[in-house]
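Worksheet: the structure to be examined is printed underneath.
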Amino acid sequence: MDALPPIDLDAAATTRLAPSARAVLVAALDEGWGNPSSRHARGTRARAAIDEARRRVARAVGADVDGVCFTSGGTEANGLAVLGAARARAARCGQRPRVLFGPDEHACVRRSAARLAEEGFEVLALPVDASGALDLEAADALLDERTALVSCMLVNNEVGRIHPVAALARRVRARAPHAHVHTDAVQALGKLELDLEELGVDSLAVSAHKVHGPQGAGALVLRTGSVLQPLSHGGRQEHGLRPGTEAAPLLAAFGVAATEADREQPAFEELAGQLRTHLLERLPEDCKPLEVPESVASICALQLPGPPAEVWQHHLEARGVCIGVGSACSSGSRELSPTLAGLGLDAAAGRQVARLSFARTTTLAEIDTATAALAEVDRELGALRG
Amino acid sequence: MSHPEPDLLLVRYAELALKGGNRARFEGTLVHNLREALDPIGPYEIRRAWGRVVIVPERRKRQALRIVARTFGVKSVSPAWRLEPDVDALAALGRRLLDEQLGPGARAQQGAAVPGFRVRVKRADKSFPQPSGELERRVADAMLEGEERVRVELREPDLEYGIDVRPEGTFAFLERVPGPGGLPVGTLGRGLCLLSGGIDSPVAAWLGMKRGLRVGFVTFHSPPYLGEGSRRKVEELVRVLAGWQGPSRLHEVPFTDVQVAIRDGAPEGLRTILYRRSMARIATRLAALEKAEALITGESVGQVASQTLPNLATIEDAAGLPVLRPLVTADKEEAIALARRIGTFGVSTQPEPDCCTVFQPRRPALASDAAVCARVEAEIELGPLEDAALDGVSTRRVLA
C-alpha cells in the first residue's frame, strides 16, 4: 500500500486517535468487553467504564452526569434531538407545530428537519443578515406557542462560523414556552468552552472522533427533565433513549478524549490562532480566505483559483498534505452547501472552496510545508491555466 | 460565548459569620474546601474580602459557580461584574442582566405575575459622593425607563440588583444562587457513616457534612451472596457525596463469615439486630483509625423492625461511640426529597440487594435485650470473626 500523506489539515473531518484514548480503547477491547447490562463482575466492570466516561463527557460540557445519552456519533445524536424532541412536543404545539433550524446546519439536522416536514411540521430556516449571520430580532417573529424545536449549530463545520446560540436560546425561552432548543456542538467541543447551562439550551450533540477519540461514539447531552421520543425501541440502556448494548470500549475512549479536549481547549485556542496567522501570512496571493466575522481559528476556508478545489486536494496530497473539500459528509453531492450560499458564493465559486482545519497535533512546521506545497500547486495549475 | 462573562464570583457565608472566636478558622476551612473543589477546573484566584470570599476563575465560570453553590458553609453566590461607580454604566449592566434573566424584550406572559424589583446599594466607601439611597434611585430610574417586565418592589423583591461600593472597587450583580448553607466540612470533626445501598444512609451522611463533619464511609459486603453490582452501587453513592464534601474514604468490610455465623448460630428473630451490633462494633474500631468521633446511620424510628426504640438501644449498646441519626424522626418522603436534591436517589433505587436483605429473618424481633444478645454473641464466638473482618478491610479514596 502507498504511504499516506503525513500532514493532515483536515481535522474538522476527523482526528487521529490520541495515545491516551487508544490505550483505554485497546485495554477495554481486551479486558472490558462485558455486556454492561450483565450483573456479574465482567458486566459490572464494563458498566463502571461507561459510568466513568459519562462523568467525563458531562464535565467536558458542563452538564449533569444523568443528562448524557451516548450514541454512535454526532449524526445519531443530532437526529435523536431533532426528531425526538419535535415529536415529543408536537401535541402541545397546536395543529401545525413549527420547527426552526439554523442557516448552515449539517446534513443530519437538515435532513431530519425535512423528515419532520413530511410528518406535517412547519419547517423554517432561521433568518440571516447579509453576512450570513443569524438575525436574532427577525427570528423573534417566528417564535411562539407553536414552536416545538429550534436547532442551531454552535460552530459551523465548513467555515468555522460561531453562531450566537446562547442569545438565541434566551430569545426562544422568552417567547416559545414549549420549544426544545438544540445545538450541534460537534465542531465546538475542544474549540470553545462548552457549558450546557450557560448556553441555555436543552441539548447539545458531541462526537468523539472530532477530538482525537474513536469513530463510532458520540453523545446527546440533555438538560435535566428534557423529554424526547426514542428513535428505536428495545432495552432500557441510556434511559431508554438509545436502546442496545453500549459500545463500552469506544465510550471509555471517548470519555478520555473529551476530558483532554476540555482541558486543552484554552491552549488549543491559542495554538489555532497562531497556526491560522502563520497560514494566512504565507498563502499564495490568489488563494483567498473566506471572510467569516465570528469564527473559530481552527477552521480556515479558502477560495482557490482555477480548477475545482478537489483538483488542488489531489495535487496537495501528492505532496504529502491532506486538506478538506466541502464537508466530508456531503462529499459526493454536487450541490452548493447552504453555508457557502450564505456567504454569497455561487455553485462555481463553491466548488473552489477548500477547508484547512487544525488539530491539537498540528505544528507551525506543517503549515510551512503546506503553504510551500500550495505555492507549488498554484504555479503548476497556473501554468496550465496559461 | 456571546455575552460578556462575569469578572468574579461573590460568595456569602452562612452562619459561620456568627461563630465568634472560631470565625477565622471557619473561613480558612471554607476557602480550603473551595480550593479543593475548584482545582480540577483550571486556574483561579481566591481571597477573603469584606466578609465575603471573592473568586476570580480564569475559565469555566458557570461551572465554578455550580461548584461553589454546593459547598457547605456557602449561603449564596453571585456572578458579579466590576465597573466604574457610574450611574450610566451601572444601569446599562443592570439592563443587560435583566435581559438575560427575563429574555430580551420579552413581554409579560399573560396572566403571569410581573416580578418585583429593586436596586440595593451597599456603600462601604464613604468617600463616595452620593448617599446609597440616592444612587439606588438614580440607577433604578435609568434602568426602568419604559421597562414593563418588572415593577418596583422595595420590601420583598423577586429580583434585586445589588451594587457594592467598596474602596477596592464597585461590584454589581443580579443573580443570587443559593448555597447549601450549614458549616464548612471539617470544622466540627469527623464522623464515620455506615453506608448500605439504600436511600437513607447517604442522606444521613450528607446531613452530617452539612453540620461541618468530614464523613468517612464504611460498607459491609457479603460475597458471594452479593455481586459486584452492590459494591459498585455503594461506590457510586460515595462518589455523589464526594461531589459535596470532596474526596472521600470508603472502607469495605468483608462480612460474609460474620453473617453466616449469625445465620447458623443465633435465634432467627435476632439475626438483623446481631448483624447491626456487629457492624457497630466493627465500625467503632474503624472509627479510631479514621479519627472519627461519632458513627452516622440512616436509621429512623419505626421504619423497619430493627428500628424500634428497644432495638435501636440494643444496637447502640454495641457501639463505642455516639451514634448520630440525622433522620431519626424523618418520614420516608422527607428522606426521598432530600435524596433527590443531593443526587443519590437515582443510585439508591437501582435494584441491588444489600447485605442485610440477603440474610433477612422471616419474622424479626420487635424488641430485644442487649444482655441476651451479648450472651449469644459469646456463644457463637463472633469476636475472632470480627477481628478477621477488620483485617480484611479494603480502603479506597473516591473522587467526585
Side-chain angles (χ1 to χ4, degrees), chain A residues 34 37-48 51-52 55 58-66 133-134 136-137 140 143 145 154 162-177 188 192-200 224 239 259 262-267 269 294, chain B residues 1-6 40-43 57-67 69 79 96-110 112 149 175 177 223-224 226-233 235-236 239-240 242-243 340 343-347 350-353 399-400:
Chain A
S37 297
S38 300
R39 293 168 62 87
H40 49 60
R42 196 174 286 289
T44 306
R45 172 85 61 91
R47 168 66 53 209
D51 286 344
E52 165 81 11
R55 283 192 294 278
R59 218 167 275 167
V61 302
D64 276 348
V65 64
D66 291 337
L134 276 189
L136 292 173
E137 285 182 16
D140 284 353
L143 298 169
E145 304 241 318
L154 189 51
I162 303 170
H163 287 296
V165 170
L168 174 68
R170 281 199 295 277
R171 302 187 95 95
V172 176
R173 297 269 172 258
R175 291 171 177 76
L192 302 178
E193 190 180 296
L194 282 184
D195 190 285
L196 187 75
E197 188 192 350
E198 192 158 358
L199 282 168
T224 310
H239 312 293
T259 300
D262 176 46
R263 195 183 59 218
E264 299 299 322
Q265 180 265 329
E269 204 171 321
E294 281 276 303
Chain B
M1 295 297 112
S2 57
H3 58 288
E5 293 189 327
I41 64 166
E58 263 181 40
R59 62 187 301 258
R60 288 232 164 265
K61 296 192 166 111
R62 199 72 209 176
Q63 197 166 333
L65 182 137
R66 288 193 292 267
I67 287 170
R96 206 187 82 214
L97 296 180
L98 269 186
D99 274 354
E100 285 184 14
Q101 198 83 26
L102 302 170
R107 295 160 298 259
Q109 301 269 333
Q110 249 189 345
R149 291 172 298 179
E175 193 181 2
V177 180
L226 297 176
E228 278 294 303
S230 300
R231 300 176 66 180
R232 196 185 64 83
K233 181 178 178 183
E235 189 172 321
E236 282 302 300
R239 198 183 302 287
V240 174
R340 284 187 196 280
T344 50
F345 185 74
V347 184
Q350 290 169 8
E352 292 287 347
L399 305 176

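Atom set for the values below is all heavy atoms of this structure, side chains included, hydrogens, waters and symmetry mates excluded. Note on naming: letters A, B, ... go to the chains in the order of the sequence lines (proteins, then strands), and numbering restarts at 1 for each one.
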Based on non-hydrogen pairs under 4.5 Å, which of A:A60, A:G43, A:A169 is most in contact with chain B?
->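 Winner by heavy-atom pair count: A:A60.
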
Nearest-0.5 Å distance that lies between atom [atom1] in [X] and atom [atom2] in [Y]:
| X | Y | atom1 | atom2 | value |
| --- | --- | --- | --- | --- |
| A:T44 | B:R231 | OG1 | CZ | 10.0 Å |
| B:R60 | A:Q265 | CZ | CD | 7.5 Å |
| A:R263 | B:R59 | CZ | CZ | 10.5 Å |
| B:Q63 | A:L196 | CD | CG | 11.5 Å |

Minimum side-chain heavy-atom gap B:R232-A:D51 below 4.5 Å |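 In short, these two side chains touch, coming nearer than 4.5 Å.
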
Quick check: does any side chain N or O of A:R39 sit under 3.5 Å from a backbone N or O of B:E228, one acting as donor and the other as acceptor?
-> no

In terms of heavy-atom proximity below 4.5 Å to chain A, should B:E236 be classed as side chain, backbone, both, or neither?
-> side chain

Interface moiety of B:R66 toward chain A, non-hydrogen atoms closer than 4.5 Å | side chain

Please say which of A:E198, A:E193, A:E197 ends up in a side-chain hydrogen bond (donor to acceptor under 3.5 Å, both in side chains) with B:R62.
-> A:E197

Under 4.5 Å from a heavy atom of chain B, the part of A:R55 involved = side chain

Please flag which part of A:A188 lies under 4.5 Å from any non-hydrogen atom of chain B: side chain, backbone, both or neither.
-> neither

More than 12 heavy atoms of other residues, nucleotides or ligands under 6.0 Å from CD of A:E294: is that the case?
->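 No - once you tally the heavy atoms of other residues, nucleotides and ligands closer than 6.0 Å, there are 12 at most.
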
B:D99 and A:R170: side-chain contact (heavy atoms from CB on, under 4.5 Å), yes or no, with the steps?
-> CA-CA 9 Å; B:D99 274 354; A:R170 281 199 295 277; 5.9 Å; no

